[in-house]
S.K.: 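What follows is a structure written as structure tokens; I'll ask about it next.
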Amino acid sequence: MNKIAGTMLTETSSSLVQWLWRSAMALVAIILISMYYDVFDYYEVGIVVLTAVGMALLGQNWPGIRWYIAVVGLLSLFAVDRYANDLSLANTDFFLSYMLASQSAVMWMSVLFVMAMVVYFAGLMFRSEFIQKVATALTWSGSAMGLVGLMVRWKESYLIGSDVGHIPVSNLYEVFILFAIITSILYLFYERRYQTRALGGFVLLVISSAVAFQLWYTFERHAHEIQPLVPALQSYWMKIHVPANFVGYGAFAMAAMIGVAYLLKSWRQSVKPEGILATTLPEMAVMDDLMYKSIALGFAFFTLATILGALWAAEAWGGYWSWDPKETWALIVWLNYAAWLHMRMTKGWHGRPMAWWAVIGLFVTIFAFLGVNMFLSGLHSYGTL
Amino acid sequence: MSASNPLSASRKTFSQRLFLFLGSMDLAITLLLALAIASIIGTVLQQNQPYSDYLIKFGPFWFELFESAGLYDVYSAIWFLSILVLLVTSTSVCVTRNGPAMFRDMWNLRTHVQRKSLGAMRHNTMWSVESTAQATVTTLESTFSKLGFRVRQTPKTDEVLISAMRGGMNRLGYLLTHLAIVVICLGGLMDSNLPLKLAEWRGQIKVETQDLPLSKIPAASILAVGSQAFRGSVNIPEGQSSDVAFVAMRDGYLVQNLPFQVEVKDFRIEHYATGQPKSFESDLVVYDDDLAEPLTTTISVNHPLIYKGYAIYQASFSDGGSALSLEAWPLDSQAGKEPLSFDTKVFERRKMHWGDNTSQLEITAFRPFNINPDPTEDDPANVRNFGPSIGFKLRANTGEALEYQNYMLPVTRDGRDFYLSGVRTNPNDEFGYLYLPIDEQGELTGFSHFLQRLHDKKISEVIAREMTLATLNEVANTDQKLAQSLQDTLIKLVDMFVKGGFANVTTFIETTLPEAERDSLGPAYLSMLREILARVYVDGLNLAEQQSPTESQLMFLQDAVDAVGSLTRYGSPIYFMLTDYEHVQASGLQIAHSPGKPVVYFGCAMLIFGVFLLFYLPQRRFWALVKENGQQTDILLAGMSNRNPREFDGFFEEISEKLKHTKGNSSVR
């Protein structure tokens, strides 16, 4: 079925597929819990169940993510199997050293994302549906390699020492990968939903910037080395606080890039209405709506993440709110987007000013994410540069 | 939060206008942004630091200006709290104004709509079926119900209106999110230090700014056990206990009494193989008359103890007054005497009498391990344990202090072992190190012995004479006066060196020698000095005839000369050697009582629930107007949604298809 770009795709999968998918997720959760029943505590069982429910919901009407989850799962299992119990295989085993060892997988992710960005823009330039489809495939692959990289890194940390092992969302290097993965998946969701690939280059631009930073960080600072967790981070809260936060950051970043596309189109329309950007980018109303959608999503998850952070702080730092620089900047980001949403939902503002505001919002978010760690001192100093 | 009606504004009373202003969207958005901007201040300017630091940083003028603006504790400054109060007021007014309408809208199925307004809606469709109106109404109603809608039928004059709604709880999202802000802020207020500030303002309590022992703290600075919120901290050495916590306030503190006594049995740090800390744990015992027997537990970071609503956290650690055995090795003219042994404790201060000088020794720190980067390796990740160390200050009568750091175990450098002692004048500087060479027995005696010989005028006289003779023998004619002058110069050089190192000798050369001779004689003086220092050393070895010093002895000489040369910069007449210790740690506990916590958490739950309802549960309404038209029945279906108009296009299509194709409805016009 060919749909016009920008129309909503509300296609649902057949109920047989839906049930198969849900059962598969339930089965994986049950297998995991029964295998590790002895070592899991309640929270870990809870996290497995919640993850399975989340995956089941995400995949019930979205074939792409079903393939994604299956492929990532199988590749990760294969890598874990290759490793057996010897970390040094990362350099000698063919599959590990060229593809699946976390460092190699992350390199693949980096290359694929940068290629995807270039190809998306090329597709836009040549107005080619085919080239853009290739870009979508590259984005899926990049995001799969990134997640495989994180999964394998998780295993590698346990191979270093059973007391060193931890989920790889504990430092700046790891969360940069997480950011790239989450932002790309969010984008792919909306790409399918809105049947438009024209925005891909813009969103991949922010992902590629993250990748560039992450590469610098790897080569210049050896940030990819796995470090044991400081006592303050040894908490199950980390497993949910950090990912929730990055859904927020990713959605805000995507909103800002759509804002950029919006502003570009509105500028080109007034200068050269028959030009490439003015004609190939989605309708203004579609972008406006998408921008709102991503900010709403980001806001919901950022609210959740900040509250989870407060619950964690109450356990680790002795109070749910300490006006620590990181907490305060989280509040500033939250207040900023709260004001944006009120402007939009109640005052009905839209268009260029809101697009500008979304772009400025990204800078506020980047400061909260990176600037605080670089320039301000405080309790939340895990991601120092 | 809706805009006021401008037409009627002039006819409203002041309080009505104030109410409208407070509930206005413009004010709300302004406050959100104002709060965001105000919050930045406290992240840029480090909060709650010692006031003296601020004074040094800003100078007296700005210090006072910033202090009066409350910038050192922005988040409890009056003006900051006022913004918060305004935001809460604005939100409350908004909920009061819009709440009832929202609440009604959650349930109201809007049964008063007219055919005309349905036809004007963006989404509408018409079709006819060949059955009675009554049957159609029943079918439609049951289909709507099956699709999850709430339905009601309203008979009109010659037709029936079916109203249906899904997602009415979207409005609950609005109520929950906005009430949540009010609830969270109220909970936060319960946990704030505002009551303390009020009590201080009324003169009931007084912030103590001096560092006093607990027994001397005045009653006005002590807070009784009660229901009030606080966040205090206390350092408890192992084996000791406390029934108070110290609450920091501005540039001082208050003492909060606790309804129980907490004892620290043991404090432990575990390390990873790489040396990074792995865990901080304290074994605690809580004593309380309400307990049948004392409560024994272990807390660690991320795993606090909650007892009677008081949470006890592992926050920090420090030395708890470790017992130290020290030896004082003289480095001045007293060198060579037996070192003086004494026992002390970390944080102890004692007067030291040394010749005519009195100074105060303040032990500031003890560390049983020093896992530092290995200086002999290029990779800073390669760490090594440098053994125990002590930190102390030597304070002169003038109040000035030098800070030292001494390592207990010798450190190897270039294959030789040294006792290492760091010194600095300013806490922000790096330590400069004195390397005291150890002798073949692994002791400091060799160095001490050499130093003693250098201080001994008789020895230097004898050696100087020998050396003069040896030098002049090589010259044919011996001039008595020259010999005497050379000997005096040698003695003088040794004296200068002992008093001030090579720098002192160089200054001596520059000030006493005529400029013309300086370039030729200067280096000669320095090599003569090195020669006589070596002779003093070798002479002290009491070697047998014809025996020359070994390679390692010569190395020792070189290191000893370097060490003596830097003694002036070292600044202390004594080297304190750590000979034994008993490590006692103190666990830094944070003790908090926050009665507002459940309120805040409840507010948070409301907020999360509300936000997701608001964004992801669109309120969708449908109306079907059913009218009998001869043999068939006409149906007008219309729908609207308050979110996601784009998504609703598809949804309306889907729902209308389902309604049209339900059993019994066949013909579509």
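Labels below follow one simple rule: chain letters A, B, ... track the order of the sequence lines, proteins then strands, and each chain is numbered from 1.
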S.K.: For I181(B), is it the side chain, the backbone, both or neither that has a heavy atom under 4.5 Å from a heavy atom of chain A?
M.R.: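 Contact with chain A is through the side chain of I181(B) alone.
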
S.K.: Which atom names give the shortest non-hydrogen contact between A339(A) and L33(B), and what distance separates them?
M.R.: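 Taking every non-hydrogen atom into account, CB-CD2, 3.9 Å.
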
S.K.: Return the option, out of L331(A), V164(A), V364(A), L297(A), with the maximum number of heavy-atom pairs under 4.5 Å with chain B.
M.R.: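 Result: the option with the highest number of such pairs is L297(A).
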
S.K.: Measure across Y320(A) and G188(B) and return the closest heavy-atom pair with its distance rounded to 0.1 Å.
M.R.: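 Minimum heavy-atom separation between Y320(A) and G188(B): OH-CA, 3.9 Å.
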
S.K.: Is it the backbone or the side chain of I40(B) that comes under 4.5 Å from a heavy atom of chain A, or both, or neither?
M.R.: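 I40(B) touches chain A through backbone and side-chain heavy atoms alike.
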
S.K.: Hey, which residues of residues 300-308 of chain A are touching chain B, say heavy atoms under 4.5 Å apart?
M.R.: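 Those residues of residues 300-308 of chain A which have a heavy atom under 4.5 Å from chain B are A300(A), F301(A), T303(A), L304(A), I307(A).
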
S.K.: Using a cut-off of 6.0 Å, state whether more than 12 heavy atoms not belonging to F609(B) lie near its atom CZ.
M.R.: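 It does not: F609(B) CZ has 12 such atoms or fewer within range.
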
S.K.: What distance do Y313(B) atom OH and E315(A) atom CD have between them, rounded to the nearest 0.5 Å?
M.R.: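 Y313(B) OH to E315(A) CD: 8.0 Å, rounded to 0.5 Å.
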
S.K.: Measure L229(A) against the heavy atoms of chain B and call it side chain, backbone, both or neither at under 4.5 Å.
M.R.: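 L229(A) touches chain B through backbone and side-chain heavy atoms alike.
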
S.K.: Heavy-atom pairs under 4.5 Å with chain A: which of Q276(B), K278(B), Q590(B) has the most?
M.R.: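 Ranked by heavy-atom pairs under 4.5 Å with chain A, first place is K278(B).
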
S.K.: Heavy-atom distances under 4.5 Å only: say whether M345(A) touches chain B with side chain, backbone, both or neither.
M.R.: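 For M345(A), the side chain is the part near chain B, not the backbone.
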
S.K.: Please check if the number of heavy atoms outside E653(B) that lie under 6.0 Å from its CD is greater than 12.
M.R.: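 Atom CD in E653(B) is not crowded, with 12 or fewer foreign heavy atoms closer than 6.0 Å.
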
S.K.: Between W334(A) and chain B, which part of the residue has a heavy atom less than 4.5 Å away: side chain, backbone, both or neither?
M.R.: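 Interface part for W334(A): side chain.
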
S.K.: What's the shortest heavy-atom distance between Q234(A) and N302(B), and which atoms?
M.R.: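 Answer, listing the atom of Q234(A) first, then N302(B): O-ND2, 3.4 Å.
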
S.K.: Ignoring hydrogens, what is the shortest heavy-atom contact between R231(B) and G318(A)? Give both atom names and the distance.
M.R.: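 For R231(B) versus G318(A), the nearest heavy atoms are NE-O, 3.3 Å.
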
S.K.: To the nearest 0.5 Å, what is the distance between NZ on K597(B) and CG on L311(A)?
M.R.: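 Result: 9.0 Å between the selected atoms.
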
S.K.: Would the distance check show the side chain of Y75(B) and the main-chain N or O of S322(A) forming a donor-acceptor pair, the cut-off being under 3.5 Å?
M.R.: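 The answer is no, because no donor-acceptor pair under 3.5 Å joins these two groups.
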
S.K.: Between P231(A) and P277(B), what is the shortest heavy-atom contact and its length?
M.R.: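 That would be CD-O, 3.6 Å.
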
S.K.: Look at V44(B), T177(B), D191(B) and state which one has the largest set of heavy-atom pairs under 4.5 Å with chain A.
M.R.: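 So the answer, after comparing V44(B), T177(B), D191(B), is D191(B).
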
S.K.: Using non-hydrogen atoms only, which part of W321(A) is less than 4.5 Å away from chain B: side chain, backbone, both, or neither?
M.R.: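 The backbone, not the side chain.
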
S.K.: Heavy-atom pairs under 4.5 Å with chain A: which of V301(B), I312(B), V74(B) has the most?
M.R.: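 Top option by heavy-atom pairs under 4.5 Å: V301(B).
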
S.K.: Measure D649(B) against the heavy atoms of chain A and call it side chain, backbone, both or neither at under 4.5 Å.
M.R.: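 It is neither, since no heavy atom gets under 4.5 Å.
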
S.K.: With a 4.5 angstrom heavy-atom cut-off, could you sort out which part of A592(B) is near chain A: side chain, backbone, both or neither?
M.R.: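 It is the side chain, since no backbone atom gets that close.
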
S.K.: Any idea which heavy atoms bring Y601(B) and A310(A) closest together, and the distance?
M.R.: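 Smallest heavy-atom distance, with atoms named: OH-O, 4.4 Å.
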
